[in-house]
Trainee: 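Following this message is one structure expressed as structure tokens.
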Amino acid sequence: MTPSTHDQIKADAIYAKAQAKQCGPVPYSEFDSLKNLIDSATDAICANLPASFEHCGKTYRLVTDIQRLRVAIFNNPAATESLLVALVCLPGEEGGRNGQATN
């Protein structure tokens, strides 16, 4: 029996946390399940950035250039301990994402 995606994410997160405690941040690209999870989280964040905002009755255009995110991902909405914390570098001029699981 092969593990489900979510079982694999949990197992990889436990392993990455343990490795990070001993050796420091771990490139999450070493774990396909974590890379896919963090990419989905990052996509959700970027898709929900506003293109404009209101201030005192006037609409202003907003351009956001986020180059680095620190994300904490929890197993479910009620969880109090993070499954994974990661530092994500968003695509810049070089393109591509990279980052590290920090704990």
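What you see is a predicted model, and the numbers here were worked out from it, not measured in a lab. Excluded from the calculations below are hydrogen atoms, water molecules and symmetry mates; all remaining heavy atoms, backbone and side chain alike, are included.
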Trainee: In the hydrophobic clustering (ILVMFWY, side-chain contacts below 4.5 Å, transitive), which residues join Phe53, or is it alone?
Mentor: Tyr60, Leu62
Trainee: Give every residue pair that meets the ring-ring contact (aromatic ring centres under 6.0 Å, His included) criterion with at least one member in residues 61-80, sequence neighbours excluded.
Mentor: none
Trainee: If you define the side chain from C-beta out and look only at heavy atoms, does anything of Tyr28 sit under 4.5 Å from Leu37?
Mentor: no
Trainee: Identify, with sequence neighbours excluded, every residue that meets salt bridge (charged side-chain N to carboxylate O under 4.0 Å, His left out) alongside Glu81.
Mentor: Lys17
Trainee: Hey, could you give me the CG/CG distance between Leu49 and Asp65, rounded to the nearest 0.5 Å?
Mentor: 10.5 Å
Trainee: What are the two closest non-hydrogen atoms of Leu83 and Asn75, and how far apart are they?
Mentor: CB-N, 4.1 Å
Trainee: Give, for atom OG1 of Thr5 and atom NZ of Lys10, the distance between the pair rounded to the nearest 0.5 Å.
Mentor: 15.0 Å
Trainee: Can you name the closest pair of heavy atoms from Ser33 and Asp12 and give their distance?
Mentor: OG-OD2, 2.5 Å
Trainee: Begin with the C-alpha distance, continue with both residues' side-chain angles, and end with the deciding distance and a verdict on side-chain contact (heavy atoms from CB on, under 4.5 Å) for Phe31 and Ile9.
Mentor: CA-CA 9 Å; Phe31 305 92; Ile9 288 168; over 6 Å; no
Trainee: How long is the gap from OG on Ser29 to NZ on Lys35, to the nearest 0.5 Å?
Mentor: 8.0 Å
Trainee: Distance-only, no hydrogens or angles: does the Ser4 side chain make a donor-acceptor pair with backbone N or O of Asp7 under 3.5 Å?
Mentor: yes
Trainee: Considering non-hydrogen atoms only, spot the tightest contact between Ala86 and Ile38 and give its length.
Mentor: CB-CD1, 3.6 Å
Trainee: Starting at CD1 of Ile73, measure out to CG of Leu34 and round the result to the nearest 0.5 Å.
Mentor: 8.5 Å
Trainee: Apply the test side-chain contact (heavy atoms from CB on, under 4.5 Å) to residues Leu87 and Arg68: give CA-CA distance (whole Å), side-chain angles for both, the deciding distance (0.1 Å), then the verdict.
Mentor: CA-CA 7 Å; Leu87 182 61; Arg68 191 186 305 188; 3.1 Å; yes
Trainee: If you measure only the distance, is there a donor-acceptor pair under 3.5 Å linking the side chains of Thr42 and Asp39?
Mentor: no
